[in-house]
Every structure is written in structure tokens, then in C-alpha cells.
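Take this structure, written in C-alpha cells, and hold onto it; I'll ask about it next.
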Amino acid sequence: MALATWKVLAATLVAAAPVLAPALLAQALVAPAARATPLQAPPPVLAGPGRGAQIRPAAFQPALPSGRGVQQGSRLRINGRDQRAAWLLQAPRPDRPEQLWLPLEVLQAQLGFNSSNRADGSLNLGWYGQELIVPPTGQRSLGDEVAVEVAALLDAVGVSRSSGGDMLELQLPPARLLQVRTARQPGQRRIVLDLDAPAVVRTNEEGLDLGLSSSAAQQAELSRQGLGVRQGPMGLMLTTASGSRASQILTLANPNRVVIDLPGEGPATSSSSPTPPRFDPRLLALLGKDLRWDRQVLRLGPVSFKLNRVSFDPRSGPLELQPLSRGGSMEGLSALADLAQRADALVAINGGFFNRVRRLPLGALRQQGRWLSGPILNRGAVGWESRTVPQFGRLQLQEWLLDRNGQRWPVLVVNSGYVQRGISRYTSDWGPWYRSLSNGESGLLLRNGVVIQRFEAARLTAGIPLPPGDMVLVGRAGTELPWREGEPLTLESRPSDPLGLAANVVGGGPLLLRQGRVVLNGTAEGFGDAFLSQGAPRTVIASDGTRIELITLEGVEQAGPTLAETAALLQGLGLRDALNLDGGSSTGLVMGGTHTVKGRGVAGAVHNGLGLVPSSGLADGGGGSATRASSLAGN
């Protein structure tokens, strides 16, 4: 989900929404062309233009509709499967048809929508040949999720809907599998399922759940292709071999079909039914000795919350805390269990915020001394060295470029999906390429502290390589980069808090507890009132001063705790420091390879996480000095 993703979506060229603080909302304007000004205050964020679409979403509105003719709820039933998810239904009017707003996470993971994005912030959605282009002004905040209006698209595919009370029900009649086709390409094999009608495609960590029926012969053919197969009353369940996951899943029309791309050139061995998940025996050996896992129900006044709490002493024992990232590129999302498996983490929770539309990080992520993504908005963060108790605080990077005339130019963010007017910088830790995140960008390539090449908007949109040692400076919203090829530049970088010097840093927000006191101040960290007051599943990293605590909180009969309730509950547990991380549908806890907590009943894709990794699997990392001067040759 990215709880507070919507706060920053305006800054990533997505329209402003209720969780934006009012002061930032007032500034969400594109400025005319301007020369970069030394040491000026951070300028306003951007709001990008939109484009037309084959199926046009609802026109721009300051907020989602409310009042007469509007129904909304927090429970969703898709072909008989229940889950917690926000929805909003607005009755038709003479000037427009009925509108249905659903979270992007539901469309992608529970229905099977394909999605991609554009440099201007527009979102391309596709489902069985129906296309929808949603400009930034057509993307909205629905609770703590990014939502789009999809009534026309669902109608075109044949989805019926009904609502009552808190529940919205969507129904797509089961399809029938007609045939199974296969194809092979270098390093990849493709399985095509031809259908007699569109079908729901539900993705989860176990595999694919398709709303269709199949014959015994078709199931045997799928099994020969290395897939685990189980036909049940709710549909066809397909799983891949252990450690393997589909690289791409497409829904296409004419004929209706589901395309599954798998890594490898030959079928892998698989069983005829999904293997029940089991806890890693290494985890079982540690529980109760080096690792505590507490599960209980907490009461706060008349309200009850489910608590999962994993704690350990980082100064001794066989586990270390480590940031979890996808590797290779900062663009993309993964299942939390996949992040854990990649790092061999025995325990994992989801990490910081991200933009679900752009699939980019929105906050601090530092691993072994390198900023994979820089901090933003002076938000809460946690930093730690190997074998130490983490530090908690609020963090931003204070960076300047020094030219040969001694003039200092502020750098707003490093390796971030947070887009502001001004200068940002990107290194190879962002990925092998940089592509524009906004319209009309200009850029400079630096090597060994010298400007090597200038780039105009078209070249940045196409993408430029980012080899190790190079750096790209990007000017946005008309910000001019005044340096010519051959000019030298030096970078100064200093974190606002010493925790930013630690080898590992993960950002979130708001900061909840510090030295035993409640320090919740969402406004200071750029969060709006709606975000602060809503209840949602929560993920928290905390400490009692000696042990690290990885915590999830869920509502028993309600959406979940507010941030104030979360802080009160954690203080009541005797914790000293605590940082809120991403929550809602992102909230997750993986124990020994098994996803034991799923924020809203489904395992939402996330950008990064925190994991407990066997010590032998980690290399030591160091911090840095209070102020660093470099020739721009690295991060």
C-alpha cells in the first residue's frame, strides 16, 4: 500500500490528496523556468499534467466525492473471497455515469490488472484488452491507498457489482480453460492459457489463483510444464517450483488469455498440489532462546488490537538486523517473502514508504554505507551498525555542490522517487539507468568531479546509463544547471542527525517514541491530518534500550490503530524508542519463510524491508565522518 505514499504522490507528479499537509498543498504548482539559486529554501513540489485515455477516468476533483449518493466501506468480496479494502461508489448523475474507486493494489493483485507508468506520472492500466490511461489528476487517496476510478473498465469486461453496508461485492463469472500453449525463448519460457471468457487473476506468495475451471488433461499438461496444480471450487491454483516466481503475468484479449512468463528454458519439477508452508527449522531452533515471538491481544479502552512482537538482543546471538532490498535497481516492488529469501532472513517485516504507481522509494534506505535512497522531509528514521542497538530520530541530508567560484548550490534529494523543483542527484545505487521522473528535466553527467556531458529532456526520457563512479545531476521544473562541460564540482554531504552516518538506515515516519516519551508530530514530518487520524494495520521497529523489537499491530474488529493509539500501546509495553513504518496493506511479518501477518488479509507487494539474518551471512559495514567532501565519483 504505502501508508503515506499518497502524501508524496503529489511530489512525484501525482495529484495532491487529503494526506498532504495544507501548506504543501498550497505549494503544489509548477513554477516557470528559473536558474538554480544558491542556498535557497526547498521549493514547492510539482503537480504534473495529464493526458486523455481510451476509457476516461473521472475528471479532476479536489477530493473523492462524499455526501448524498455516495457509498463507501472497508470490506471487499471478489468472487466469494473476502478481504479488507477501502472502496467508494458514487451513484450516477445526469452529467456522468456511476463511479467506482478501488485501490491500485486490489486491481493489480486481486483482479489481475497490468500496469505501467509514464514520465508525466500517468498510469497505464490494462485488463483483457481494455485500456485505461489515468493522468495524475485521476489518481486519488482512498483511506491510505492510491485509488483510481474503474467502473467503465469493469463493466466492459463483464464484472457485476453490488453493495450493502460495509461490503462491496464484485463478481466475474468463472471462465473455462480451452487449451494450454507453451513457447520458449532464451532464458525464459512462456505458458499461455486460452480462455473462453475473462477470468480473475489473483497473485499471492503461493502462486496464481485463477477464476476458471479446467479438465484433468489440462491439469496434467500444466503439471508437465513444472507447475503445481490444484482445481478447487473457487478456481485453479498454480504454483511454481520452490524459489521460482513468474517474471511477468499478462491478461490479453482476442482471444481471452493469461500469459505466464517463467525464468528458465525447461520445466522445473513440481508437485500436483501446492506444498504447505513450513517454518525454517533454523528459526524454530532460535525461538524462546535467542529470539522471542509474542502474540497477544492488547486493549486500549474499549478497543482491541492484535500484536505480533519479535525481539532479540543485537549485541549477541546469531542474528543481525539488515535492510532488505530488491537489488539491481530501486524501481520495482517485491513480495516480502521474496525479499526475505533473497537475504536469507529468518524474520522480516516491511520497511519504508514507496510510490505504488511509480514503484519507487520515498524515504531513507542506506545499506552498508551507501544511500540506495536518500531521506526526505526530515521524517523519522532508524540507523544502526553491526552488533549495536539502533539509533532513532528524524533525518534529512544537507548537501551542496561547490563550483570553481566557491558558490554553493543545494541538492534536494539523492536517489529518490520524491520529485521537487530544484537539483537532485542519482548514482549507480539507483540502478543501471536513470530515466526522467518528470516532464522537462535537464541533466549533467559527472565523472571524477568534472562535468562530462549535458542532457536535454528527450535524452533523459529515453534513459541514460549510470555506471559505477558516475553521477547524474537532474534539474526539475525549469531549474537550470549552469555548468558547462569540463567544469569541476565538489559535493558536500552532512546528515542532520548522527544516525545518518550509520552503515544501515531505514526511513519511515512519523517517529513515535524517543527515550520513553511520545514524540508523535506528523505535521513536522509532512503528514496531513487525515493520515494521522485514520486507523490502519501498522508496522513498527522499536527498542527498549537493549533489544530490537519488530512489531505489527492489527485491528480485531476495526481497521487498526491510529498513530496516537500505536504510540500509546508501545509506550505501555515499556518501549523506549519506536518508529512507524509503512502500513495498511503493506504491513507484513514473515517468520521462517511463512507470511504470518498480512495487513489486510493479502500479501501486498512492497519496496523494501527489515530482516533478521544469520550473522555469518553479513559483512561488516562502516559509517562515515560528520561532513564528507567528494569529487562526485561515488555515493
Side-chain angles (χ1 to χ4, degrees), residues 1 3-4 6-7 18-19 21 66 72-76 82-87 141-145 165-167 292-311 349-350 353 379-380 392 508-525 527-545 547-589 596-601:
M1 157 246 10
L3 236 172
W6 195 253
K7 158 63 192 75
V19 298
S66 60
Q72 55 186 330
S74 61
R75 301 194 68 85
L76 184 63
D82 290 4
Q83 69 175 86
R84 284 193 174 274
W87 56 271
S141 174
L142 184 56
D144 52 31
E145 299 281 356
D166 197 39
M167 177 71 76
R292 300 175 189 166
W293 181 16
D294 298 324
R295 289 166 288 180
Q296 56 183 296
V297 175
L298 303 178
R299 292 190 63 83
L300 188 63
V303 187
S304 297
F305 303 101
K306 291 184 290 185
L307 168 76
N308 274 266
R309 178 183 184 187
V310 180
S311 66
I349 58 172
N350 62 289
F353 301 123
R379 286 186 167 173
F392 292 77
L511 189 65
L512 301 174
L513 300 178
R514 196 168 189 186
Q515 298 181 346
R517 298 184 300 108
V518 175
V519 294
L520 174 60
N521 187 344
T523 302
E525 298 185 29
F527 296 102
D529 292 339
F531 171 76
L532 296 173
S533 61
Q534 68 187 7
R538 304 289 176 185
T539 304
V540 174
I541 180 171
S543 174
D544 63 1
R547 299 178 69 85
I548 294 176
E549 310 263 353
L550 306 182
I551 294 170
T552 65
L553 286 163
E554 305 167 87
V556 174
E557 295 181 351
Q558 68 288 328
T562 65
L563 289 168
E565 289 171 334
T566 301
L569 288 166
L570 300 179
Q571 188 181 48
L573 293 173
L575 296 177
R576 183 174 182 268
D577 302 293
L579 172 68
N580 180 65
L581 299 170
D582 196 5
S585 60
S586 294
T587 285
L589 171 65
T596 58
V597 173
K598 302 175 182 178
R600 291 196 168 105

(message) So F392 and I541, do their side chains get closer than 4.5 Å, heavy atoms only?
(response) yes
(message) Ignoring hydrogens, what is the shortest heavy-atom contact between G143 and S141? Give both atom names and the distance.
(response) O-OG, 3.2 Å
(request) May I ask you to test the L575-V540 pair for a side-chain heavy-atom distance under 4.5 Å? (result) no
(message) For a 4.5 angstrom cut-off between non-hydrogen side-chain atoms, does F305 reach R538?
(response) no
(request) To the nearest 0.5 Å, tell me how far L570 CG sits from L513 CG. (result) 5.5 Å
(message) Give me the atom names and distance for the closest heavy-atom approach of A542 to I551.
(response) CB-CD1, 4.3 Å
(message) Applying side chain to side chain donor-acceptor pair (under 3.5 Å) as the test, list every pair that has at least one member in residues 295-304; sequence neighbours left out.
(response) R299-S304
(message) Can you confirm whether L532 sits close enough to P510 that some side-chain heavy atom of one is under 4.5 Å from a side-chain heavy atom of the other?
(response) yes
(request) Using side-chain hydrogen bond (donor to acceptor under 3.5 Å, both in side chains) as the criterion, list what pairs up with N521, not counting sequence neighbours. (result) none
(request) Heavy atoms only: give me the nearest N580-F353 pair and the separation to one decimal. (result) ND2-CZ, 4.3 Å
(request) Measure the CZ-CD distance between R600 and Q83 for me, rounded to the nearest 0.5 Å. (result) 9.5 Å
(request) Mind listing the closest non-hydrogen atom pair of L511 and A578 along with its distance? (result) CD1-O, 3.6 Å
(request) Rounded to the nearest 0.5 Å, what's the gap from CG on L579 to CG on D577? Could you check? (result) 10.0 Å
(message) So N308 and W293, do their side chains get closer than 4.5 Å, heavy atoms only?
(response) yes
(request) Could you grab the distance from atom CD1 of I349 to atom CD of E549, nearest 0.5 Å is fine? (result) 11.0 Å
(message) Going by salt bridge (charged side-chain N to carboxylate O under 4.0 Å, His left out), name the residues that satisfy it together with R576, two or more places apart in sequence or in a different chain.
(response) none
(message) With a 4.0 Å cut-off on N to O distance, would you call E554 and R84 a salt bridge?
(response) no
(request) Taking atom types as modelled, find out whether S74 and D166 have a side-chain donor-acceptor pair closer than 3.5 angstrom. (result) yes
(request) Write down the atom of A559, the atom of G535, and the distance for their closest heavy-atom approach. (result) CB-O, 3.4 Å
(request) Drop me the distance from L573's CG to D544's CG, to the nearest 0.5 angstrom. (result) 10.5 Å
(request) Answer yes or no: is there a side-chain heavy-atom contact under 4.5 Å between D82 and M167? (result) yes
(message) Using 0.5 Å steps for rounding, measure from the OG1 atom of T587 to the CG atom of D582.
(response) 7.0 Å
(request) Answer yes or no: are there more than 12 heavy-atom neighbours, outside R547 itself, under 6.0 Å from its atom CZ? (result) yes
(message) If we ignore hydrogens and angles and just use 3.5 Å, is the side chain of R379 paired with the main-chain N or O of E525 as donor and acceptor?
(response) yes
(request) Locate the shortest heavy-atom distance separating A567 from V518; write the atom from each residue and the value. (result) CB-CG1, 4.0 Å
(message) Please check this pair: side chain of Q571 against backbone of R517, looking for a donor-acceptor N/O pair closer than 3.5 Å.
(response) no
(request) For the residue pair T539 and N350, confirm or rule out a side-chain donor-acceptor distance under 3.5 Å. (result) yes
